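Here's a structure for you.
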Amino acid sequence: MKSTTIVPPNHPHVIIVGAGFAGLRVARGLRGSPVEVTILDKNNYHTFIPLLYQVATAGLEPEAIAHPVRRIVAAPNVRFRLASVTGVDLQQRRVTTHAGDFAYHYLVLAAGSVTNFFGLESVAQHTAALRDLDDAETVRDRVLSSFEAAAAEKSPARRRALMTTVLVGGGPTGVELAGALAELRRHVLPRDFPELNVSQARILLLEASDRLLEAMPQRMQRKALEKLQNMGVEVQLGARVTGADERGVSLSDGERIDAGAIVWVAGLRASPLAQALDAPLGPAGRVIVSRSLDLPDHPEVYVIGDMAHAGGRDNPPHPMVAPVAIQQGDLVAESIIRQTEGKKPLLFRYKDPGTMVTIGRASAVARVYGVPFSGFVAWLLWLTVHIVWLIGFRNRALVLVNWAWNYFTYERGVRLIRRRR
Ligand SMILES: Cc1cc2nc3c(=O)[nH]c(=O)nc-3n(C[C@H](O)[C@H](O)[C@H](O)COP(=O)(O)OP(=O)(O)OC[C@H]3O[C@@H](n4cnc5c(N)ncnc54)[C@H](O)[C@@H]3O)c2cc1C
């Protein structure tokens, strides 16, 4: 492969791997600075991951939560290259990609995370995950396809199984998905499938621990559980999935649940790129970095966002959430500028703004700077924060129009099956 070098003399070349929450913030912080920046991403778009569950439940089209990277990073000293990164040569200071090699003076690795199936092969093979836009469309396809199959099914028992959706993982994504699916079942599917008794459709949320939403205060955990139960979601706590096949899941206590669609949202681990670094890894395969977020012995290499375990092995890892990625991105941009001026990089300290989870229509639970909220107020907060965070006027407009439409008509306009199994 030919090496691609776009380094003008005297200007250090910064390579950023990943145009996610973390990578984009670094690029933004370096705009107009005396460095040349190249962002590499395997996709030419940035995905607003917190709204994936709405694509998965037919509430939003994928285009509403994706934005072209070239548009976002437009600046004279920032370039984008569509490239899937396969490795890093720390000694030669080169990144290898499917589109050639790239030389760097500073490297920022921000390639995010992938679904963690915890080594359960059958689960990886037979369940749908939710980590990117393709996954979200797969979830939507599978849920809708299973209802189509139910409509053609003669056996009542099999029909009921096909109308069962199993969600594995009681974190924010599992709870949000369960709430949105319950709305779909209540307001949309009975109209679409008059030949089915949709009131028999089941939504099961399985969680291995004894609570939902681990990071929330106990009171909010209870509220979320009650709300889901009121919406007809069957929540099973202490339910550990050990295997899956085309027709359902098996639990550690021997129980078997037949289902038309199974969605695995039980965990994430760092991008496999972490293993290519030959650096120490912490839990979930995250790269152990210093308090300045660089690699031991490589002050020119930063690892941030979901890929990073900051502050050394003994420090508890930061959660894999967007505010961590954003704050780390901001800090690293500043540190790189300082390094080019011969100064020391800054130390990272996370300021936790809290967490928010919607549960269906006009309801949410939230902890904002330590203060708990629930119900309509929390939902309004959630709505505002997500619209503000979304990148691009067009996307904001699309999402707002969709939400208003869904709210007033109880519709889910994107009920398309695009790929069939
Ligand atoms: C379903 C779901 C819902 C979530 N909801 C929330 C929420 O509501 N609030 C919240 O705070 N957090 C939420 N999170 C977590 C949040 O999305 C992540 O913590 C955040 O995206 C991490 O940012 P990042 O920059 O590290 O990775 P990402 O934002 O994932 O960006 C990684 C980028 O790297 C690119 N990439 C990956 N591998 C390669 C490669 N080999 N070569 C080139 N490019 C590559 C990807 O295409 C992507 O653009 C959610 C996560 C999921 C999965």
Side-chain angles (χ1 to χ4, degrees), residues 1-8 11-31 33 35-49 51-52 55 61-89 92-115 129 131-138 270-277 301-307 322 325-326 329 332-333 336 390-392 394-395 398 418-419:
M1 286 275 183
K2 264 175 56 188
S3 113
T4 313
T5 314
I6 52 166
V7 191
H11 275 185
H13 186 204
V14 182
I15 289 202
I16 301 170
V17 178
F21 285 102
L24 285 183
R25 292 301 280 223
V26 182
R28 196 174 126 155
L30 292 174
R31 272 194 302 213
S33 303
V35 291
E36 287 294 324
V37 179
T38 306
I39 304 184
L40 308 175
D41 200 292
K42 61 183 179 178
N43 297 315
N44 78 333
Y45 54 84
H46 164 80
T47 307
F48 189 73
I49 295 169
L51 291 180
L52 277 180
V55 174
E61 43 275 88
E63 292 76 12
I65 64 163
H67 205 72
V69 180
R70 285 182 182 275
R71 182 72 190 272
I72 305 169
V73 300
N77 70 325
V78 183
R79 296 277 179 276
F80 171 73
R81 292 293 291 268
L82 184 64
S84 185
V85 175
T86 49
V88 178
D89 184 336
Q92 299 292 320
R93 298 193 179 182
R94 274 178 184 282
V95 170
T96 51
T97 83
H98 290 119
D101 295 356
F102 291 77
Y104 63 80
H105 294 108
Y106 296 96
L107 174 64
V108 183
L109 288 168
S113 52
V114 294
T115 300
R131 183 63 184 83
D132 57 30
L133 276 183
D134 283 344
D135 289 344
E137 285 195 281
T138 301
S271 154
L273 204 52
Q275 286 152 25
L277 282 179
V301 179
Y302 292 95
V303 186
I304 57 176
D306 284 2
M307 278 187 81
I326 288 169
V332 163
I336 290 175
L390 253 178
I391 294 177
R394 182 177 170 276
N395 293 38
L398 272 175
R418 305 238 300 154
R419 289 162 298 196

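Small disclaimer: the values here were computed from a predicted structure and weren't measured. Quick note: numbers below take in every heavy atom, side chains included, and nothing from hydrogens, waters or symmetry partners.
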* Is a donor on one side and an acceptor on the other found under 3.5 Å between the side chain of H13 and the backbone of Y104? -> no
* Donor-acceptor contact below 3.5 Å, side chain N395 vs main chain A66 ->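 Yes, the answer is positive, given that a donor and an acceptor are paired below the 3.5 Å cut-off.
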* Student check: side-chain heavy atoms of R131 and I49 closer than 4.5 Å -> yes
* To do: Side-chain contact test, heavy atoms from C-beta onward, threshold under 4.5 Å: evaluate it for I65 versus L133 and give yes or no.
  =>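 Yes; the side chains approach each other to less than 4.5 Å.
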* Asked: Rounded to the nearest 0.5 Å, how far apart are OH of Y302 and CG of L109?
  ->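 CG of L109 is found 12.5 Å from OH of Y302.
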* Can you tell me how far the CZ atom of R70 sits from the CZ atom of R81, to the nearest 0.5 Å? -> 8.0 Å
* Minimal non-hydrogen separation, A103 against I15, with atom names -> O-CD1, 3.8 Å
* Asked: A74: what forms a side chain to side chain contact (heavy atoms under 4.5 Å, CB included) with it, not counting sequence neighbours?
  ->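 Residues passing side chain to side chain contact (heavy atoms under 4.5 Å, CB included) with A74: none at all.
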* Could you point out which residue of L30, L107, T38, V78 forms a side-chain contact (heavy atoms from CB on, under 4.5 Å) with V14? =>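 Of the listed options, the one satisfying the test is L30.
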* Asked: What distance do L273 atom CG and S84 atom OG have between them, rounded to the nearest 0.5 Å?
  -> 8.5 Å
* Under the side-chain contact (heavy atoms from CB on, under 4.5 Å) rule, what do N44 and L82 come out as? Steps first, then yes or no, please. => CA-CA 6 Å; N44 78 333; L82 184 64; 4.1 Å; yes
* Who pairs with E137 by salt bridge (charged side-chain N to carboxylate O under 4.0 Å, His left out), at least two apart in sequence or on another chain? ->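 Partners of E137 by the salt bridge (charged side-chain N to carboxylate O under 4.0 Å, His left out) criterion, ordered by chain and then number, come out as R140, R418.
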* **Minimum-distance pair of heavy atoms, taken over all atoms of P272 and V114** => CD-CG1, 3.9 Å
* What residues, two or more places apart in sequence or in another chain, satisfy side chain to side chain donor-acceptor pair (under 3.5 Å) together with T115? ->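 In terms of side chain to side chain donor-acceptor pair (under 3.5 Å), with neighbours along the sequence ignored, T115 is linked to no residue.
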* Asked: Just by distance, do the side chain of D306 and the backbone of A270 share a donor-acceptor pair under 3.5 Å?
  -> no
* Structure fact -> d(L40 CG, R79 CZ) to nearest 0.5 Å is 13.5 Å
Indicate every side-chain donor-acceptor pair of residues 16-29 with a distance under 3.5 Å to a residue at least two apart or in another chain.
| residue | atom | partner | partner atom | Å |
| --- | --- | --- | --- | --- |
| R25 | NE | D330 | OD1 | 2.9 |
| R25 | NH2 | D330 | OD2 | 3.1 |

* Would you please test M307 and S113 for side-chain contact (heavy atoms from CB on, under 4.5 Å) and show each step? => CA-CA 6 Å; M307 278 187 81; S113 52; over 6 Å; no
* Structure fact -> By side chain to side chain donor-acceptor pair (under 3.5 Å), T86 pairs with (sequence neighbours left out) T96
* Only counting residues at least two apart or in another chain, list the ones meeting salt bridge (charged side-chain N to carboxylate O under 4.0 Å, His left out) with D41. => none
* Asked: Hey, are the side chains of V95 and D101 touching, using non-hydrogen atoms and a 4.5 Å cut-off?
  ->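 Answer no - side chains too far apart.
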* **Straight-line distance of F48 CZ to L390 CG, nearest 0.5 Å** => 5.0 Å
* With distance as the sole test, does N77 use its side chain to make a donor-acceptor pair with the main-chain N or O of V35 at under 3.5 Å? -> yes
* Full working for side-chain contact (heavy atoms from CB on, under 4.5 Å) between T47 and L52 -> CA-CA 9 Å; T47 307; L52 277 180; 4.2 Å; yes
* Should D132 and N43 count as side-chain neighbours, where that means a heavy-atom distance under 4.5 Å? -> no
* Asked: Rounded to the nearest 0.5 Å, how far does NE2 of H46 lie from CD1 of I391?
  ->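 It comes to 4.0 Å.
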